[in-house]
Amino acid sequence: MNCTFERVFFDRVLLGEQEIRERVDLLAKELATYTDDDGFVLVVILKGALMFAADLSRRIPSQCSIDFLTVSSYYGGTQSTGNVHIVDGHSAEVYGKKVLVVDDIFDTGLTLQTVVKFLEQKGAQEVRTCVLLKKKKVRGVPFEVDYHAFEIEDEFVVGYGLDYQGEYRKLPYVGVMKT
Ligand code: 5GP
Ligand code: MG
């Protein structure tokens, strides 16, 4: 931590660069049984998953196409609003394909539940989901993420793609905000 804003707003670093790199390496291996078929589609949920998806996709050896969904869910501040909608999903060509959805964090579960339903309606053959972070909490929705890199406490985190009001996405580590 060397910037003033980080000292002011950060409680602590939760996951450092090295730790993230090592875990993403392992996760790519865990995914191999699903992703070793050439031709699957990796669907990135914008904007939060950008760093994770860029790093993970480059560690998956097989061929895949990469597509994007813009989903608006959340967070006027640090709480979910409970409304999820797909702002832009028309580019995702998934008909008849195996799909791996990559998102930053699994919180209430509403985003991924909505995204999976959407991709199934578009005719995807199979859809699995993968997140960098999964929060330890009781969720209201009957939906479980298939793969996660780290399980964390129910705290608001930023960095490595995750933002607070549009800031902090570029940080190479994940940190906990001061409450
Ligand atoms: P869910 O729909 O599972 O409640 O939330 C998913 C989305 O909420 C994530 O993709 C992310 O954009 C946002 N989110 C949930 N928890 C956090 C958090 O701790 N920090 C940040 N920056 N975003 C979060
Ligand atoms: Mg998101």
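Just follow the structure's listing: the first ligand is 1, and inside any ligand the first atom is 1.
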Checklist entry - Between D163 and ligand 1, does any nitrogen or oxygen pair lie at a separation below 3.5 Å? => result yes
Checklist entry - If only atom types and distance count, is the side chain of T129 paired as donor or acceptor with the main-chain N or O of D146 below 3.5 Å? => result yes
Next on the checklist: Is E155 close enough to touch ligand 1? Criterion: a residue heavy atom under 4.0 Å from a ligand atom.
Outcome noted: yes
Next on the checklist: Using heavy atoms and a 4.0 Å limit, tell me yes or no: is Q113 in contact with ligand 1?
Outcome noted: no
Next on the checklist: Below 30° counts as parallel, above 60° as perpendicular, anything between as tilted: where do the rings of F106 and F143 land?
Outcome noted: tilted
Item to check | Proximal atoms of ligand 1 relative to D103 (non-hydrogen, under 4.0 Å) | outcome: 10 (O)
Item to check | V84 to ligand 1, any heavy atom closer than 4.0 Å | outcome: no
Item to check | Per-atom contacts of ligand 1 with K135, taking only distances under 4.0 Å to non-hydrogen atoms | outcome: 16 (N), 17 (C), 18 (C), 19 (O)
Checklist outcome for this item: atom 3 (O) of ligand 1: of G159, G140, G109, G161, the nearest heavy atom sits on G109
Checklist entry - Is it true that K178 and E155 make a salt bridge, defined as a side-chain N closer than 4.0 Å to a carboxylate O? => result no
Next on the checklist: Is there a polar contact between ligand 1 and V157, counting only N or O atoms under 3.5 Å apart?
Outcome noted: yes
Next on the checklist: Show the nearest heavy-atom pair for residues L162 and V157, with the distance to one decimal.
Outcome noted: CB-O, 3.9 Å
Checklist entry - Donor-acceptor pair, S65 side chain versus V41 backbone, under 3.5 Å? => result no
Next on the checklist: For D107, which part has a heavy atom under 4.0 Å from ligand 1: side chain, backbone, both, or neither?
Outcome noted: both
Next on the checklist: Would K134 pass as a cation-pi partner of F150, given that its NZ or CZ must be under 6.0 Å from the six-membered ring centre and within 45 degrees of the axis?
Outcome noted: no
Checklist entry - Should K137 and E151 count as an ion pair when the cut-off is N to O under 4.0 Å? => result no
Checklist entry - What do we get for L112 next to ligand 1 when only non-hydrogen atoms under 4.0 Å count, side chain, backbone, both or neither? => result neither
Checklist entry - Is Y164 near ligand 1, meaning one of its heavy atoms is under 4.0 Å from it? => result no
Item to check | Audit row: E19, R21, salt bridge (Lys or Arg N to Asp or Glu O under 4.0 Å) steps and yes/no | outcome: CA-CA 5 Å; E19 193 179 356; R21 202 177 306 120; over 6 Å; no
